[in-house]
Structures are given as C-alpha cells and as structure tokens.
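Numbering of ligands and ligand atoms starts at 1, following listing order.
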Amino acid sequence: MKQGNKSFADRLRSGELLIGTLVSLNSPEITEILAEAGFDWLFIDAEHGAYNPQQAQSMLQAAGQCPCVIRVPAGDEIWIKKALDTGAAGIIVPQVHTAEQARQIVQYCKYSPEGSRGVGIGRAHKYGLSFEDTIKNANRQTAVILQAESKQAIENIGAIVKVNGIDAIFIGPYDLSASLCRIGKVTDPEVIEAIGKVTSICKKAGVRLGIFGVSADAVKPYIKKGFTLITAGVDTLFVIKSAEEILAECRG
Ligand code: 3PY
Ligand code: MG
C-alpha cells in the first residue's frame, strides 16, 4: 500500500534508512503509540505474536500513515495472501532456506503475470474502491522481504539473492544463533561471520539488508555497515524497561 508520495517498497529499494520496531502484542493502541512516536515503519510480528490476520489488520488501521510490514508465520500461500490483502506495505517471511523457497514466496506475492497472488478484494484495495489501481501497482508497491536466519540460508544466500522480486534480506540474529548452536549469543564470532557473509553477498547483488536488535546498541554497528532496514526494540521490552526503571527509582 502506498503511504504518502513514495511507497515503503520504493523507499526501501532506494536505500533510505528505515528505523522500525517490533510489535509483538495484539494491541492497536500500542501500535498507534509506536506509530505516533515517529518510527519509519512497524514490524508487525504475526510469526511469534499471538494474533490472526484480522487482528493484524486492526493494528495496521491504528498505525495510520506509518507503514506496517507483516511478518507472516511461514512462507505459506494462505497467510501471505491474507497479509497482503490487509494493505500491509510488505511482508517479511521467516526461515527462508533455499532459492526454490524464495522463488515460491515471490510467486505468492506478485499478481499475474509475474506471479500467482490470489485476486480478491480487501483493505489493500480500499474494499473494492481502488481495485483496478491496486492490482495494477501492487507488484511494485509491495515489499518482499525474506529472512536469512539459518545455517542452510547462509550456505544458499548466493542463490537466494539472485531470485527476482526480492527487495531485502532481513537477518534474524536469534534464530541464526540457534541454528549455529550458539542460541542467544548474537555477537558470537561464528554468528558475526555468518552475518558478514550475507552482508557482502547482498551488497554485491544490490539487495538491501535488514536486521533486528533488542536495543539501539545492538543495531548501530549494522547501520554503520550499510544495513538500511532496521528493527530496534520490542514493544514488550519497552514496557519492561520503563517499569523496572521507575520501580528501581522509587525504591531508591
Ligand atoms: C531473529 O532474531 O531470529 C528474528 O527473527 C528477529 O526478528
Ligand atoms: Mg527469527
């Protein structure tokens, strides 16, 4: 879906630095607060968050002009179709391990003739008011973001980035650390080396890079390395941090 003059997908492709945060709670109010706080985009996490497509759509409605990208639970046609029909600015697909999987996901995301996205009416089409316009422009205006977060994805990254239609590779450092038997150790040298490999291959291929970190300190080194699709922090962690700080201050 287009936000303002330039779509989120165009801003991503042009290499604009886009700082977002992860929304894990099924709460339009929290989504609204984070959008108002000024993030460039919101990462709506339907992979781990306990919400369904209709609830994800309510969060998009609450976000107003702030672009929302839905992370679907898997590279599954039904979820991708529903997420795109909510009017998300794009989707993030977790656990993409092979070029074949990547090709299949791009197919699900693109309308004919580039792909096989199902044709229906949803919020993305203003419920039918902008059907023609949406089906004409959606392929260009929808960001397709795939996660590299497994040993197998790192091995296959050269082939994955050659698949047409991918706008960014988003590294999931936590799943990657688990896949490399370093669970939770996102700064372990083996994890850093794997991220380095993805970084150089994506840069050579001209594919944008994204990453998640729980804090500004966790993502800043990657911004310096040219990552532009940044997810910093998680709604629940913001609440925990502030709650703990105020309690500690009050208790002296
Ligand atoms: C991970 O770290 O595995 C992620 O997917 C972060 O979003
Ligand atoms: Mg992950």
Taking atom types as modelled and ignoring hydrogens, do the side chains of [X] and [Y] form a donor-acceptor contact shorter than 3.5 angstrom?
{"X": "Ser130", "Y": "His125", "answer": "no"}
{"X": "Asp45", "Y": "Ser24", "answer": "no"}
{"X": "Gln147", "Y": "Arg71", "answer": "yes"}

Contact table ligand 1 N or O to protein N or O, d under 3.5 Å:
residue  : atom  : partner : partner atom : Å
ligand 1 : 2 (O) : Pro173  : N            : 3.1
ligand 1 : 2 (O) : Tyr174  : N            : 2.7
ligand 1 : 3 (O) : Glu149  : OE1          : 3.1
ligand 1 : 3 (O) : Asp175  : N            : 2.8
ligand 1 : 3 (O) : Asp175  : OD2          : 3.1
ligand 1 : 5 (O) : Arg71   : NH1          : 2.7
ligand 1 : 5 (O) : Gln147  : NE2          : 3.0
ligand 1 : 5 (O) : Glu149  : OE1          : 3.1
ligand 1 : 7 (O) : Arg71   : NH1          : 3.1

Taking [X] first and then [Y], would you say they form a salt bridge - that is, a charged N and a carboxylate O separated by under 4.0 Å?
{"X": "Asp167", "Y": "Arg140", "value": "no"}
{"X": "Lys82", "Y": "Asp85", "value": "no"}
{"X": "Lys241", "Y": "Glu245", "value": "yes"}
{"X": "Lys197", "Y": "Glu193", "value": "no"}

**Q.** Aromatic centroids of Phe227 and Phe170 separated by under 6.0 Å
**A.** no
Q. Which protein N, O or S atoms lie under 2.8 Å from the Mg ion (ligand 2), given by chain and residue number?
A. Glu149 OE1, Asp175 OD2
Q | Distance (rounded to the nearest 0.5 Å) between Ile19 CD1 and Ile223 CD1 | A | 4.0 Å
